[in-house]
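Since the structure comes first, as structure tokens, the remarks are kept for the end.
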Protein chains: 2
Amino acid sequence: MRTISTSTQLCAVIGNPVGHSLSPAIHNAGYEALDLDFVYIACRVEDVAAALGGVRALGNFRGLSVTIPHKIEAMKHVDEVAKVDRAIGSINTVVHEGDKLLGLGTDGPGALKALADAGVTVDGRRILMLGAGGAARAIGFTLAWKAAPAELILLDINEEMLRGLAADLRAGSATPIMDAILTPDTLEDALGRAEVVIHCTPIGMHPKVDASLVPAEFFRPEQAVFDIVYTPLETKLLADARARGCRVIPGVEMFLNQAVLQFEYFTGVPAPIDAMRRVLMEHLTR
Amino acid sequence: MRTISTSTQLCAVIGNPVGHSLSPAIHNAGYEALDLDFVYIACRVEDVAAALGGVRALGNFRGLSVTIPHKIEAMKHVDEVAKVDRAIGSINTVVHEGDKLLGLGTDGPGALKALADAGVTVDGRRILMLGAGGAARAIGFTLAWKAAPAELILLDINEEMLRGLAADLRAGSATPIMDAILTPDTLEDALGRAEVVIHCTPIGMHPKVDASLVPAEFFRPEQAVFDIVYTPLETKLLADARARGCRVIPGVEMFLNQAVLQFEYFTGVPAPIDAMRRVLMEHLTR
């Protein structure tokens, strides 16, 4: 860490709990690599409105990463939210700009960047999204609004969430949306058609690492498969897809890129991605 | 600076402006010397209530130093204030303890500690205080409540402030209080009687370093003379007193000790005074 001065800018992750957050390690590694006069800490928060009011009142408090359970509530207490993030209905980033708080999301853009960095084309392709929760909303709206997929296929077992996301996506974009209740049949059919598969549920996350939503034999070698789960670094779903010859994109790339985009909003300079990835991987492979 | 973790505790100075505050340098030097998981920044603040609400809501935000112009306003937005600090009417410290904000002052105790560290006895002595402003209130109440001077003599040119402080001190303690409008005659008389002189006005502060409130010939060798001004490190008043053979206590010792006491409230461990003094002197002798 560099020396603190009276100009040092503060950023923080707010959530509850935050004891296992990797964000301080990643962001501070970025500041150190570029010798930026910033410091990033973790704050457990219950009263989101008061916390955001404090950020607004405290000079040199530059921004927040917002994590569970505050992503929806935080959006209510900022001054401006981009249209796509209002459609998503949650934010993961607050930037303190002058006397205003700007809210935005980097989860969806982080996923899109992870796909692009891996050389996966989204435009003109049929994309299967498994899951219709908060992460799927963020990624789905980003794909529908910021890219041009041929079709978004949504599968989930929760009909209310599924139909809600599908309706919101149809209302907010021209992207063709196909939604169906997740069953063995609809899953097999969708995997038979999709060129890119994005897994947006927590299935397979540590400690239940032996679980996968997709039977291995459903994968086809020409598919690209992306899993937002990043503990373990390679989930069973990704290992199965890799074994079947698919191109796989690990979830850690989305996690890294949402932080990279936050870093650039907070500091205004290009993030030192390699230094940030190195620290993240050190923590995830301990 | 040590590495930031998710447990790192945050402290900050709030004021307006704060760009020249020495507090981040002093406190961070203390954390570094003891390898404590703390970081201390500077925040320009206009809305004190919102800033304190933010401290309350942000976990790991451990405490604040409060400086001009917020010392009076801050007292209104904390949960508990010690009786002596309520009497003084201002605080310079907020400690975030559980879900409560505790307000207190370390300016008076810092002055008392500076006197004690210099071997100056207060108990049983006649103390002359020049000035009846905020610093004089803090020091006067601390001397009257936490020590046992034979008499406190107050001189100021502002009658309202003078009579107000004298009345408040008489109401709140058993210490004999003598107050008089500052004139050449009352000044000479008071300096003829006082065993300890405490200068609590800004006269002699950089850049007007050639000014002193006290004609040099009024000092007597048996007196101890303390100046709260610390830029320059030795004011004309102190240089004159030293030349007359007095024991002199520089204001930097009060500034250091108010920070030392804050440090101990924030961290709960004895402050590394020498490390903090070293950094302070480095900044003041640049």
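Only a predicted model underlies this, so the values are computations on that prediction, with no experimental measurement involved. Sequence lines set the chain letters: A, B, ... in the order given, protein chains first and strands last, and positions in each chain run from 1.
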The reported gap from CG in A:Asn28 to CD1 in B:Ile4 (rounded to nearest 0.5 angstrom) is 5.5 Å

Is it the case that over 12 heavy atoms from other parts of the model lie below 6.0 angstrom from the CD1 atom of B:Ile72?
no

Assert top hit (heavy-atom pairs under 4.5 Å, partner chain B, pool A:Val55, A:Val45, A:Leu52, A:Asp47) equals A:Val45

The reported gap from CZ in A:Arg44 to CG in B:Asn60 (rounded to nearest 0.5 angstrom) is 9.0 Å

Heaviest contributor of heavy-atom pairs below 4.5 Å to chain B, chosen from A:Cys43, A:Gly53, A:Gly54, is A:Cys43

Turns out that what part of B:Ile14 lies under 4.5 Å from chain A's heavy atoms comes down to side chain

Tightest non-hydrogen contact, residues B:Phe61 and A:Leu58, listed as CE1-CD1, 3.8 Å

To the nearest 0.5 Å, atom CD1 of B:Ile41 lies from atom OG1 of A:Thr8 at 7.5 Å

Please say whether more than 12 non-hydrogen atoms of neighbouring residues, nucleotides or ligands are located less than 6.0 Å from CG in A:Leu34. yes

Honestly, the part of A:Val18 sitting under 4.5 Å from a heavy atom of chain B is backbone

Notebook entry, point to check: Hey, is CG on B:Leu284 packed in by over 12 heavy atoms from elsewhere, all under 6.0 Å?
Noted result: yes

> Does a sphere of radius 6.0 Å around CG in B:Leu233 hold more than 12 heavy atoms from other residues, nucleotides or ligands, not counting ones at 6.0 Å or beyond?
Replying inline: yes

Scanning both residues in full, the closest heavy-atom pair of B:Pro24 with A:Thr6 reads CG-CG2, 4.0 Å

Under 4.5 Å to a heavy atom of chain B? For A:Ser7 that would be neither

So, the part of A:Ala25 with a heavy atom under 4.5 Å from chain B: the answer is neither

